[in-house]
Amino acid sequence: MIIGDIADGLTRTVEGIGSTVSEAFFEPVIRLGVTGLSRAGKTVFITSLVANLMNRARMPQLVAAAEGAIRTAYLQPQPDDTLPRFDFETHLAAMTGQSPRWPDSTRAISELRLSLRVQPTGLIAGLRGPRTIHLDIVDYPGEWLLDLSLLDRSYADWSADTLRRIEGREMAGDYRAQVAATDAAAKLDEPQARALAEGFTAYLTAAREAGFSDCTPGRFLLPGDLAGSPVLTFAPLPEPERPPRGSLWREFDRRYEAYKREVVKPFFRDHFARIDRQVVLVDALGAIHAGPQAVEDLRRAMADILGAFRPGRNAWLSKLLLGKRVEKILFAATKADHLHHRQHPRLTAIMQALVADAKRRADFAGAETQAMAIAALRATTEDTVDHKGQPLDVVRGLLLDTGKRAAFHPGELPEDPSHLLNPAREGAQAWLDRDYAVMRFAPQPVTLKPGEGPPHIRLDKAAQFLIGDRL
Ligand SMILES: Nc1nc2c(ncn2[C@@H]2O[C@H](COP(=O)(O)OP(=O)(O)OP(=O)(O)O)[C@@H](O)[C@H]2O)c(=O)[nH]1
Ligand SMILES: [Mg+2]
């Protein structure tokens with residue numbers, strides 16, 4: 001254990017020196033992490049961001065683009081040979097063109113390098129030649145950040161906490177019955193172990209679908225090539241009095257520790273620790289639609305996710321980072337094109353309130369943060385219609401389910417976010433005085449003019465915050 005920690009520290013130092021040397025003498029690199037819970041909009045965000053950095057006509061708020069300092073932007077081979085490449089071309093082809101559709105779910109880590117050729121403008125224009133800046137974008141599931149909280153918890157703690165949380169949840173009924181029929185002190189039986197892991201995974205999947213975010217271990221939902229391996233074949237059980245050697249409990253305890261060591265730590269060491277700038281995408285509208293419980297759970301999951309950006313909280317992570325920190329974090333509420341722009345400030349305020357708790361406790365170790373409402377790919381147009389003699393703000397688009405055009409009003413978000421967050425915190429079952437609807441729109445067919453990227457809302461402002469200062 002201790003040896004492992006020291007070795008981790010050493011790797012980090014050597015790497016740290018490597019990247020400083022290359023930055024000073026060669027070409028600067030910005031590592032941008034893009035994360036969010038599943039379906040938050042990561043793939044659409046990266047695809048649209050890259051397309052709009054390559055064709056910058058829709059990026060007036062990105063100062064370097066508006067001033068013409070960015071001469072060209074082009075894709076290059078990424079630096080990490082063992083990470084899957086973010087499949088930009090396939091995603092872009094899906095999202096644009098005459099019969100566009102949303103890209104497929106991705107559910108694993110991937111990387112893409114975009115290189116920007118930048119010519120300084122203004123007074124120093126003549127003094128400096130053009131330089132190349134590499135933007136390495138890393139897409140990873142937010143669920144993996146939730147696993148950080150496992151590192152300082154034992155199997156017994158995690159089990160007790162998880163079993164407590166699922167007590168009142170309907171979709172956990174089958175798993176609770178399985179636990180009730182299990183003797184954790186009995187000898188390990190592999191088919192039984194597998195059945196428990198499968199039962200617990202089925203619960204996690206249903207909880208995730210119902211809008212719950214506290215779904216650890218994160219890899220149970222996104223197993224990739226670990227599916228079926230022992231590190232993913234355990235589940236929470238009540239602690240028996242004196243579990244004998246070779247018992248189900250002892251073996252699950254061991255596998256839980258292996259999960260932390262072999263799955264969680266390598267992700268933080270190899271990927272998370274190298275990120276300079278981070279965007280956290282949040283489907284806040286989706287949670288509001290699902291109801292107060294989903295909003296409260298999202299707030300808690302945000303606090304857990306954001307814990308990863310306050311390294312003081314976890315001794316192992318602090319040692320790994322050695323004082324290096326993420327410089328900027330953007331919290332972006334996605335899919336803002338479901339709302340008329342008049343409501344965007346309210347969505348931003350809700351986003352701010354959702355992360356406020358975590359932020360108050362420690363300002364992310366000095367990282368600069370901002371909250372925003374964005375749409376990476378705008379699928380609607382705005383309109384105001386007459387509704388019983390009153391003007392009503394709506395958005396119009398092509399419904400995904402029926403393929404029909406429709407005007408849609410999702411409900412009024414409150415001006416004061418506490419009108420949503422307080423009932424959620426107090427355990428309300430439904431919103432008292434209002435209802436929020438979410439419709440799924442298909443992307444609009446677009447014909448892009450030369451120089452134009454896909455239509456979006458505030459993607460340029462997001463890019464200015466995330467990388468503008470380095471261009
Ligand atoms: N209207 C609208 N819908 C969006 C936007 N971005 C994402 N969506 C919707 O959200 C869904 C999920 O987006 P993705 O980008 O695939 O989300 P993800 O976080 O990569 O999801 P996983 O890969 O499953 O983790 C899409 O299929 C769209 O329905 C947007 O800007 N506007
Ligand atoms: Mg994805």
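Whatever order the structure lists ligands and atoms in, that order sets their numbers, starting from 1. One is the number of the first residue; the rest follow in order along the sequence.
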Worksheet item: Starting from atom 21 (O) of ligand 1, which protein heavy atom do you reach first, and at what distance in Å?
Response: Arg39 N, 3.1 Å
Worksheet entry | Cationic N near anionic O, under 4.0 Å, Glu412 to Arg346 | yes
Discussion item. Closer than 4.0 angstrom, basic N to acidic O: yes or no for Lys335 and Asp283?
Written reply: yes
Discussion item. Please determine whether any non-hydrogen atom of Ala40 lies less than 4.0 Å from an atom of ligand 1.
Written reply: yes
Worksheet item: Does the N or O separation between Ala376 and ligand 1 drop below 3.5 Å for any pair?
Response: yes
Worksheet item: To the nearest 0.1 Å, how far is atom 15 (O) of ligand 1 from its closest protein heavy atom, and which atom is that?
Response: Val44 N, 2.8 Å
Worksheet item: Checking Gln352 side chain against Pro417 main chain: does a donor-acceptor pair fall under 3.5 Å?
Response: no
Worksheet item: Would you call Arg164-Glu167 a salt bridge at under 4.0 Å N-O?
Response: no
Practice prompt. Just go through Lys335, Arg440, Met95 and tell me whose heavy atom is the nearest to atom 5 (C) of ligand 1.
Written response: Lys335
Worksheet entry | atom 1 (N) of ligand 1: the protein heavy-atom neighbour that sits closest, reported with distance to 0.1 Å | Asp337 OD2, 2.9 Å
Worksheet item: For the Mg ion (ligand 2), does an N/O/S atom of Thr106 lie at less than 2.8 Å?
Response: yes
Worksheet item: Could Asp276 and Arg31 be called an ion pair, given the rule that one side-chain N must be under 4.0 Å from one carboxylate O?
Response: no
Worksheet entry | Whether Gly36 lies under 4.0 Å from ligand 1, heavy atom | no
Fill in: Ser38 near the Mg ion (ligand 2) via N/O/S, less than 2.8 Å
no
Worksheet item: If you measure every N/O of Phe441 against every N/O of ligand 1, is any gap under 3.5 Å?
Response: no
Response to the item:
shortest atom 24 (O) of ligand 1-to-protein heavy-atom contact is with Ser105 OG, 2.4 Å
Worksheet item: Is the closest heavy-atom distance from Leu377 to ligand 1 below 4.0 Å?
Response: yes
